[in-house]
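Here the structure comes first, spelled out in structure tokens, and everything after it is commentary.
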Amino acid sequence: MADMPGGARQDTAGTRNDTRPSGPALFFGVPLVISGVLSVLQGVTGIARDALYGVPRKYEYRFDLTTWGWIHLVVGVALVIAGVAVLRAISWGRRAGVGIAAISLVTQFMFIPYYPLWSISVMTLDMIILWGLGRVAVT
């Protein structure tokens with residue numbers, strides 16, 4: 001290390017604040033929270049207003065829209081919790097984020113006949129999250 005004027009040495013080792021997210025954690029934690037909020041909104045809408053979505057006639061994964069609402073609400077809350085854990089650099093946050101984003105991707109895929117544009121948008125966000133958290137080591 002270089003000496004500072006006046007003979008003082010500046011020691012920068014170990015000064016990182018571990019409660020603040022680093023670049024990858026911030027970049028993929030925020031989309032986790034956004035995807036979670038979108039899923040919560042989708043779930044609340046499905047629970048409150050069954051008539052908002054179009055119901056396909058012949059579809060294998062056809063549930064009552066209130067059931068779909070509860071599924072999206074639970075998945076959305078889990079995504080928000082995992083996103084906050086990734087942003088706070090909690091050790092289990094990355095693994096939970098990958099798992100819950102995968103579940104969200106599947107549920108959105110199954111929901112495509114009800115609301116295609118919304119589902120495809122959230123699926124795209126989930127795929128970005130899966131790629132990012134699976135590829136980048138969050139420290």
Side-chain angles (χ1 to χ4, degrees):
M1 292 195 195
D3 285 335
M4 298 293 289
R9 291 181 71 176
Q10 182 179 8
D11 186 18
T12 58
T15 60
R16 184 177 179 273
N17 185 1
D18 288 333
T19 60
R20 291 179 35 203
S22 63
L26 182 64
F27 189 72
F28 296 112
V30 170
L32 263 170
V33 172
I34 292 171
S35 179
V37 169
L38 291 175
S39 292
V40 166
L41 291 174
Q42 188 176 16
V44 168
T45 303
I47 292 168
R49 304 178 117 199
D50 282 346
L52 180 66
Y53 298 118
V55 180
R57 292 187 180 157
K58 293 182 180 181
Y59 182 56
E60 296 297 324
Y61 304 110
R62 186 173 167 202
F63 295 131
D64 179 41
L65 286 177
T66 304
T67 306
W68 274 116
W70 282 106
I71 290 170
H72 288 302
L73 184 66
V74 168
V75 170
V77 168
L79 281 167
V80 169
I81 291 170
V84 170
V86 168
L87 288 173
R88 297 202 49 180
I90 297 175
S91 62
W92 54 267
R94 181 174 167 237
R95 290 185 302 268
V98 168
I100 297 167
I103 291 169
S104 175
L105 180 67
V106 170
T107 58
Q108 292 295 335
F109 180 76
M110 291 170 35
F111 196 72
I112 285 177
Y114 294 95
Y115 208 157
L117 292 177
W118 186 280
S119 294
I120 290 171
S121 300
V122 176
M123 283 173 56
T124 304
L125 194 57
D126 289 336
M127 288 176 23
I128 291 169
I129 293 165
L130 284 171
W131 175 82
L133 289 180
R135 182 94 173 129
V136 178
V138 179
T139 56

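Below, all heavy atoms of this structure are taken into account, side chains as well, without hydrogens, waters or symmetry copies. Predicted, not measured: the structure shown is a model, and the values here were computed from it.
- Remark: Val106 engages Met110 in a side-chain contact (heavy atoms from CB on, under 4.5 Å) (not counting sequence neighbours).
- Partners of Ser35 by side-chain hydrogen bond (donor to acceptor under 3.5 Å, both in side chains), not counting sequence neighbours, listed by chain and number: Asp126.
- Nearest heavy atom pair, residue Leu38 against residue Trp118, reads O-CZ2, 3.5 Å.
- For the atom pair Phe27 CZ and Ile129 CD1, the distance stands at 10.5 Å (nearest 0.5 Å).
- Annotation: the span from Arg95 atom CZ to Leu133 atom CG amounts to 12.0 Å, rounded to 0.5 Å.
- Residue Val40 comes nearest to Gly76 through the heavy atom pair CG2-C, 3.6 Å, listed as atom of the first residue, atom of the second, then distance.
- Leu79 and Val74 fall into different hydrophobic clusters, defined by Ile, Leu, Val, Met, Phe, Trp and Tyr side-chain heavy atoms under 4.5 Å apart, directly or through other members.
- To the nearest 0.5 Å, atom OH of residue Tyr115 and atom OG1 of residue Thr45 are 8.5 Å apart.
- Of the inter-residue distances, the one linking Phe109 atom CZ with Ile120 atom CD1 reads 9.5 Å to the nearest 0.5 angstrom.
- When all heavy atoms of Val44 and Leu73 are compared, the closest pair comes out as CG2-CD1, 4.1 Å.
- For residues 72-97, every residue pair satisfying the ring pair (Phe, Tyr, Trp, His ring centres under 6.0 Å) rule, not counting sequence neighbours, is listed here: Trp68-His72, His72-Phe111.
- The structure places CG of Leu105 at 10.5 Å from OG of Ser119, a figure rounded to the nearest 0.5 Å.
- Listed here is the closest heavy atom pair of Val122 and Ser104: CG1-OG, 4.4 Å.
- Atom CD of Gln108 sits about 10.0 Å away from atom CG of Leu125, to the nearest 0.5 Å.
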